[in-house]
Amino acid sequence: MATQANHVLVTGGAGFIGGHLCRRLLRDGHRVTAIDNFDPFYPRAIKEEGIEDFPAQVFTLIETDICNTDAILHALHARSVDAIVHLAARAGVRPSIEAPMAYEETNVGGTQSMLEVAREHDIDTFIYGSSSSVYGNNDKVPFAEADPVREPISPYAATKRSGELLAHTFHHLYDITTHCLRFFTVYGPRQRPDLAIHKFARQLLTDQPITMYGDGTSRRDYTYVADIVDGIVRSLRRAKGLDAPEYEIINLGGSETTQLKDLISGIGEAMDITPEIEQLPTQPGDVERTYADISKAKQLLDWEPETPIDEGLQQFADWVKDYYADRPVLEV
Ligand code: NAD
């Protein structure tokens with residue numbers, strides 16, 4: 001059994017968080033294999049741009065569906081993988097209400113498939129990208145890992161919680177160390193275009209009013225992508241240093257909440273464009289607020305977020321202006 005993750009398999013490795021994670025792992029001297037099917041949820045070009053400069057000697061991309069267990073088992077045959085970071089998913093709350101079956105297939109079936117890959121190839125470490133959405137509309141804040149998560153309010157949230165349960169089963173049966181990391185709204189360069197910050201930026205760039213759902217008082221805990229990646233890296237390190245397998249659920253969040261209307265002014269400031277706002281009714285499936293208790297991450301991973309929201313928004317704004325400088329702005 002390896003005592004460090006020399007070779008890491010990252011599912012969803014071409015995605016927003018996955019691309020940033022692969023870059024960090026390569027920089028830290030790991031070999032990385034990524035699995036991604038370039039799901040058409042948003043343009044392939046954004047994903048390719050994030051991974052195109054990775055050196056072929058240490059980075060391999062397997063373009064396949066995570067549900068295709070046999071193909072993955074076969075492709076990994078000659079490679080010894082020390083850990084899986086499972087990030088591939090259909091992400092997004094609102095689209096999951098339109099297509100619950102597709103979410104179930106990828107997020108539940110796909111997670112089951114990747115756990116099967118871990119078992120078949122004796123991979124003893126499985127880090128799962130879970131979500132704050134599992135807390136639903138819980139009243140108690142900040143959200144802590146021991147809080148009840150029995151009442152998800154979107155198919156997406158229900159599938160992410162299902163993944164945590166499946167991962168527990170495999171931990172129990174096959175001694176796979178598993179960390180389910182519950183990410184709280186992640187943002188930064190190359191953020192998914194369906195997420196609010198990226199949508200607002202495109203509305204600003206095209207002189208449209210910003211569509212604000214609700215009265216602007218809903219609150220979110222935003223986490224900068226480099227901080228999330230750092231949490232994943234620390235989780236891998238912890239997993240590989242253990243004497244006995246463990247299963248842990250760990251929040252990774254900014255641990256500060258921002259009101260939607262303040263987020264809109266913040267992104268306006270970062271882009272240097274004054275926002276005009278169009279208020280629309282609250283969307284079904286959206287939670288009222290998210291707020292992470294991160295004491296467990298501090299204790300187990302010695303992790304704390306380091307990027308304040310204004311700094312992170314500036315990083316994002318610089319990227320988004322640069323990205324759309326020489327191509328059409330994606331429709332909102
Ligand atoms: P993303 O859509 O940018 O990345 C997901 C990647 O998975 C994409 O590149 C996509 O092509 C790939 N993928 C989707 N279905 C696949 C399949 N069947 N087979 C292979 N690859 C497939 O999303 P992201 O924001 O980077 O999210 C990564 C993970 O983090 C997801 O599991 C998501 O649920 C979780 N998460 C994200 C956030 C956030 O704010 N971004 C918050 C909480 C949890």
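Atoms within a ligand are numbered from 1 in the order they appear, just like the ligands themselves. Model, not experiment: these values are computed from the prediction.
Note on ring orientation: taking the six-membered ring where Trp is involved, the planes of Tyr222 and Tyr187 are perpendicular (angle over 60°, cut-offs 30° and 60°). Between Phe126 and His86, the ring-plane angle classifies as tilted under the 30° and 60° cut-offs.
Between the side chains of Gln314 and Asp310, no donor-acceptor pair is found at a separation under 3.5 Å. Checked by atom type, the side-chain pair Glu164/Ser130 shows a donor-acceptor distance below 3.5 Å. In this structure, a donor-acceptor pair under 3.5 Å is present between the side chains of Thr60 and Arg79. In this structure, a donor-acceptor pair under 3.5 Å is absent between the side chains of His7 and Ser80.
In terms of protein heavy-atom proximity, atom 27 (O) of ligand 1 is nearest to Ile17 CD1, 3.9 Å. For atom 14 (C) of ligand 1, the closest non-hydrogen atom on the protein side is Ala89 O, 3.3 Å. Of all protein heavy atoms, the one lying nearest to atom 28 (C) of ligand 1 is Leu87 O, 3.4 Å. Distance from atom 23 (O) of ligand 1 to its nearest protein heavy atom, with residue and atom name: Arg192 CD, 3.1 Å. The single protein non-hydrogen atom nearest to atom 9 (O) of ligand 1 is Asp36 OD2, 2.7 Å, given as residue, atom name and distance. Closest to atom 13 (N) of ligand 1, if we only count protein heavy atoms, is Asn37 OD1, 3.4 Å. The protein heavy atom nearest to atom 33 (C) of ligand 1 is Tyr156 OH, 3.5 Å. Scanning the protein heavy atoms around atom 19 (N) of ligand 1, the nearest turns out to be Ile66 N, 2.9 Å.
Applying the 4.0 Å criterion to heavy atoms of Ala88 picks out, from ligand 1, the atoms 7 (O), 21 (N), 22 (C). Close approach to Ser131 involves these atoms of ligand 1, each under 4.0 Å from a residue heavy atom: 43 (C), 44 (C). Against a heavy-atom cut-off of under 4.0 Å, Thr106 is close to the following atoms of ligand 1: 15 (N), 18 (N). Taking a cut-off of under 4.0 Å to the non-hydrogen atoms of Thr185, the atoms of ligand 1 that pass are 40 (O). Atoms of ligand 1 lying under 4.0 Å from at least one heavy atom of Gly15, given by number and element, are 3 (O), 4 (O), 8 (C), 9 (O).
A side chain to side chain contact (heavy atoms under 4.5 Å, CB included) with Leu21 holds for exactly one of Val32, Leu236, Leu26, Val233; it is Val233. Each of Thr257, Asn251, Ile228 was evaluated against Phe184; a single residue qualifies, Asn251, per the side chain to side chain contact (heavy atoms under 4.5 Å, CB included) test.
At least one heavy atom of Ser130 sits under 4.0 Å from some atom of ligand 1. Using a non-hydrogen distance threshold of 4.0 Å, Phe184 does not register as a contact of ligand 1. Within the 4.0 Å heavy-atom cutoff, Thr64 counts among the residues contacting ligand 1. In this structure, Phe38 has a heavy atom closer than 4.0 Å to ligand 1. For Ala14, the closest heavy-atom approach to ligand 1 falls below 4.0 Å.
Considering backbone and side-chain atoms alike, Leu195 places every N or O at 3.5 Å or more from each N or O of ligand 1. By the 3.5 Å distance cut-off applied to N or O atoms, Lys160 is counted among the residues near ligand 1. Considering backbone and side-chain N/O of Phe16, one or more are found under 3.5 Å from N/O of ligand 1. Of the N or O atoms in Asp65, one or more lie within a sub-3.5 Å distance of an N or O in ligand 1.
For the pair Arg94 and Tyr213, the distance from NZ or CZ to the six-membered ring centre is under 6.0 Å and the angle to the ring normal is within 45 degrees. Both the sub-6.0 Å distance and the 45° axial angle are satisfied by Arg44 relative to the ring of Phe38.
Closest approach of Ile72 to Met114, counting heavy atoms only: CD1-SD, 3.9 Å.
Summarising the contacts of atom 40 (O) of ligand 1 with Val10, Thr11, Val186, the nearest heavy atom is found in Val186.
Only the side chain of Tyr42 comes within contact range of ligand 1, with a heavy atom under 4.0 Å; no backbone atom does. Neither the backbone nor the side chain of His86 comes within 4.0 Å of ligand 1, counting heavy atoms alone.
At most 12 non-hydrogen atoms from other residues, nucleotides or ligands lie less than 6.0 angstrom from CZ of Arg150.
Between Glu306 and Tyr224, every side-chain heavy-atom pair lies at or beyond the 4.5 Å cut-off.
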Practice prompt. Please step through side chain to side chain contact (heavy atoms under 4.5 Å, CB included) for the pair Lys321 and Met271, ending with a clear verdict.
Written response: CA-CA 8 Å; Lys321 283 196 278 192; Met271 306 269 302; 4.2 Å; yes

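When ring centroids are compared, His168 and His171 come within the 6.0 Å threshold.
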